[in-house]
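Notes follow the structure.
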Amino acid sequence: MLLEQINSPDQLKRLSVEELPKLAEEIRQFLIESLSKTGGHLASNLGVVELTIALHYLFDSPRDKMLWDVGHQAYVHKILTNRREMFPTLRQYKGLCGFPKMRESEHDVWETGHSSTSLSGAMGMATARDLKGEDNKVIAIIGDGALTGGMALEALNHIGETKKDLIVILNDNEMSISPNVGALHNHLARLRTNKSYNKIKEEVEQLLMKIPTVGAPFAKTVERIKDSLKYLVVSGVLFETLGFTYIGPVDGHKLDELMESLRLAGKTKGPVLVHVVTKKGYGYKPAENDSVVYHGVGTYKIESGAFQKKAGGAPAYPAVFGDTLVRLAANDERIVAVTPAMLTGSKLEKFQAAYPDRCFDVGIAEQHAVTFAAGLATQGIKPVLAIYSTFLQRGYDQVVHDVCRQNLPVVFAIDRAGFVGEDGETHQGIYDISFLRNQPNLVIMMPKDENELQHMLYTAVNHDGPIAVRYSKEAGVGVPMDEEFRAIPIGKSECVREGNDVAILAFGNMVPIALAASERLAADGIEARVINARFAKPLDTECLDELAREQIPVFTVEEACIAGGFGSAVLEYYAAQEQVGMVVKVLGVPDYYVEHGSIAEQRAEVGLTPDAIAEEVRRHVAQKIQKA
């Protein structure tokens, strides 16, 4: 096998061009077999096999800088840069990361878990190269979905204005995770249908140069003729208007076309955009037929593509959110759903099917999504913005300036709150409490189970002001679901287990874990009161005052960063009340980035398990006894 001979780009270059299609076939088969056992991003990587081979064959990584955006399309890049044997550990604890990772390889020069960042990073690298007097290439490989992000458009504008030597590879597969939306997507669709553009442009130039008595001196004059031709042949010249030399569209699965276009790009001065058209899932029929489902997969059977799912179990929180929103919208026509390109992930398919005119996918544009929702709210609409915690970070200024400051009734349905497992540090939903809690007017809550989630959503859509409902990506607890919705009093907790030795204040999905810890403590004769905090803002100050009067030691537990989180809020309250002698121990995520692995492994690493919590309480009780 050719693949077994390739552990570096240098070894790849020793192959003949005629051998490359066979290598592409072997890589594709390797991906299908390996990911069937580990899961991972399948469809997107099957689509870039030839493109990745061509890039590493023609350019000189790591001297030439390759930035992959979004990074989930970099598996083939990892295979060709000496990480093929690590694939059995893909996305597993302490194993191979599913995104580019600098500590893994010198060939990973930019880490991209979020989209639309590569062009700005590439512009920085190209500028640094020129400042240092170097001459390497800088190549950003960006998916067409990522190109809809505002940051990418800002970078395109800057790159075109400065005329830096920089190559942008537009991987156009018409998809991010779900089908792309927006005017730029439509522009690319028009370009795809005009594949003869570059060929015609070159032929016209050659024809003009052959005209007797015209020759080279007339070349500058006829440039205007060629420019006019663009408008006749191509419905839109966005990239060349921005200052790029546009090459394409190129068939991303024909190596000869790719090589020719990339060689041309490498010789062209100034910014170049190579428009490469690929098919997501290429070479594996189940993934080709449904690239949305096969974007990110668990384990599956290669022959049929059938996923190996666990039988039964409670519904996942995102599914409960989607079903609840459909029910709420049936009784209130003012409710609309907004999502930044996560329609499928946020489980809004049923809502879109039921209320197509009230469901808005704005593309990978979190800033726009937040302010769009704010604009809706000014006109009496009830927008519910379904957004992953990690992506809400990208719209933070809009949360502050456009929603909270204006005190607008926008519901932030914060999906993937807490640990996210295999996607790792770039996607952990552990920061939103800290960056939201400082905002006036905003309410922050999180349910202990799926039944409480539906009641919190009901409370949220009926609240007159900005409100955030956080929930995990995990399966629910398995509790019965109430048929009737009920409002939850804002800022009120509930006691779910009595006890007077210590109090465990648990936020959201940590309540079941706190209850399990209390059972372990009860076996040792320690009675822990377990409180479902429900709200990180406003706090239940009556509950906190009662604990202070009884001088019960408090342990706060949250699946979020300790700095500025729920526990910090409790500490701040007791400090403001001058409760100097109050014992408060904050348990959460320490001040470092927790990498990929299972959620259970991530919790174990930071001490958010029943055993670890119980041990913290035992340690305190033992110290108290020693002091007595």
Side-chain angles (χ1 to χ4, degrees), residues 41 43-45 47-48 51-52 55 65-77 98-100 108-125 138-160 166-189 191-192 238-239 242 244 248-249 252 271-280 291-292 295-296 339-345 361-369 387-388 390-395 423 426-427:
H41 293 97
S44 53
N45 285 286
V48 297
L51 174 59
T52 310
L55 284 168
K65 313 301 179 186
M66 296 184 190
L67 295 78
W68 298 88
D69 185 2
V70 177
H72 61 231
Q73 63 176 332
Y75 288 13
V76 184
H77 163 76
F99 299 95
D108 291 4
V109 299
W110 187 252
E111 298 186 1
T112 40
H114 292 180
S115 77
S116 314
T117 67
S118 63
L119 300 185
S120 297
M123 180 59 180
M125 292 181 190
V138 179
I139 307 159
I141 305 99
I142 184 168
D144 53 331
L147 200 63
T148 65
M151 186 176 176
L153 299 177
E154 291 172 15
L156 282 175
N157 184 54
H158 185 207
I159 294 166
L166 194 156
I167 300 172
V168 175
I169 310 294
L170 172 57
N171 175 26
D172 178 8
N173 58 24
E174 305 182 59
M175 303 283 288
S176 48
I177 295 177
S178 300
N180 290 330
V181 297
L184 184 58
H185 166 65
N186 295 331
H187 175 77
L188 294 177
L191 289 178
R192 284 184 222 111
L238 172 64
F239 299 114
L242 285 171
F244 284 76
V272 184
L273 187 139
V274 184
H275 182 181
V276 179
V277 180
T278 63
K279 184 174 181 59
K280 200 170 180 182
S291 59
V292 174
H295 169 77
T339 179
M342 296 306 298
L343 187 81
T344 302
D361 182 349
V362 303
I364 302 177
E366 291 84 2
Q367 296 178 350
H368 169 61
I387 188 167
Y388 288 13
T390 187
F391 298 144
L392 183 59
Q393 297 163 191
R394 294 154 61 91
D423 280 337
T426 58
H427 284 61

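Heads up: numbering here begins at 1 and tracks the sequence.
- Nearest heavy atoms, Leu119 versus Ala140: CD2-CB, 3.7 Å.
- By the side-chain hydrogen bond (donor to acceptor under 3.5 Å, both in side chains) test, Thr117 pairs with Trp110, sequence neighbours left out.
- Asn173 contributes no side-chain N or O that, together with a main-chain N or O of Lys280, makes up a donor-acceptor pair within less than 3.5 Å.
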(Q) Walk me through whether Met151 and Ser120 qualify under side-chain contact (heavy atoms from CB on, under 4.5 Å). (A) CA-CA 8 Å; Met151 186 176 176; Ser120 297; 3.7 Å; yes

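- When the side-chain hydrogen bond (donor to acceptor under 3.5 Å, both in side chains) test is applied to Thr112, no partner is found at least two apart in sequence or on another chain.
- Residues Gly113 and Val70 share a closest heavy-atom pair of O-CG1, 3.6 Å.
- Among all heavy-atom pairs drawn from Ser118 and Leu67, the shortest one is O-CD2, 3.5 Å.
- The side-chain heavy atoms of Asp108 and His77, taken from C-beta on, include a pair separated by under 4.5 Å.
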Report task. Kindly determine whether Leu242 and Leu238 satisfy side-chain contact (heavy atoms from CB on, under 4.5 Å), including the steps that lead there. Result -> CA-CA 6 Å; Leu242 285 171; Leu238 172 64; 4.0 Å; yes

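- Under the side chain to side chain contact (heavy atoms under 4.5 Å, CB included) criterion, Glu111 pairs with Lys101, Met102, not counting sequence neighbours.
- Annotation: side chain of Ile139 is in contact with side chain of Leu55 (closest heavy-atom distance under 4.5 Å).
- Listed by chain and residue number, nothing satisfies the side-chain hydrogen bond (donor to acceptor under 3.5 Å, both in side chains) test with Asn45 (two or more places apart in sequence, or in another chain).
- Thr278 and Asn171 are linked by a side-chain donor-acceptor pair at a separation below 3.5 angstrom, with hydrogens and angles left out of the test.
- A donor-acceptor pair is defined here as one N or O able to donate and one able to accept, closer than 3.5 Å; such a pair exists between the side chain of Thr390 and the backbone of Thr426.
- The two atoms that bring Ile142 and Ala152 nearest to each other are CD1-CB, 4.1 Å, heavy atoms only.
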Begin from the C-alpha positions of His41 and Gln73 and carry the test side-chain contact (heavy atoms from CB on, under 4.5 Å) through to its verdict.
CA-CA 7 Å; His41 293 97; Gln73 63 176 332; over 6 Å; no

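- The distance from the CD1 atom of Ile387 to the CG atom of Leu392 is 5.0 Å, given to the nearest 0.5 Å.
- Two residues are said to be in side-chain contact when any heavy atoms from C-beta on lie closer than 4.5 Å; Phe239 and Val168 fail this criterion.
- Between Val48 and Tyr75, the closest side-chain pair of non-hydrogen atoms is not below 4.5 Å.
- The shortest distance between side-chain heavy atoms of Arg394 and Pro340 does not fall below 4.5 Å.
- Closest approach of Pro271 and Gly160 over heavy atoms only: CG-CA, 4.3 Å.
- Side-chain contact between Ile364 and Leu147 is absent, with no heavy-atom pair separated by less than 4.5 Å.
- Among residues two or more places apart in sequence or in another chain, the side-chain hydrogen bond (donor to acceptor under 3.5 Å, both in side chains) test is passed with Ser44 by none.
- His427 pairs by the ring-ring contact (aromatic ring centres under 6.0 Å, His included) definition with Phe99, His114, Phe391, not counting sequence neighbours.
- A pairwise comparison of heavy atoms in Trp68 and Thr52 identifies CH2-OG1, 3.5 Å as the closest pair.
- Contact of the Ile141 side chain with the Leu51 side chain is registered, since non-hydrogen atoms from C-beta on lie closer than 4.5 Å.
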Item to complete: Evaluate the criterion side-chain contact (heavy atoms from CB on, under 4.5 Å) for residue pair Ile169 and Ile167; output intermediate values, then yes/no.
Response: CA-CA 6 Å; Ile169 310 294; Ile167 300 172; 3.7 Å; yes

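- Side-chain atoms of Ser116 come within 3.5 Å of backbone atoms of Ala146 as a donor-acceptor pair (strictly under, hydrogens ignored).
- The shortest side-chain heavy-atom distance between Glu366 and Gln393 does not fall under the 4.5 Å cut-off.
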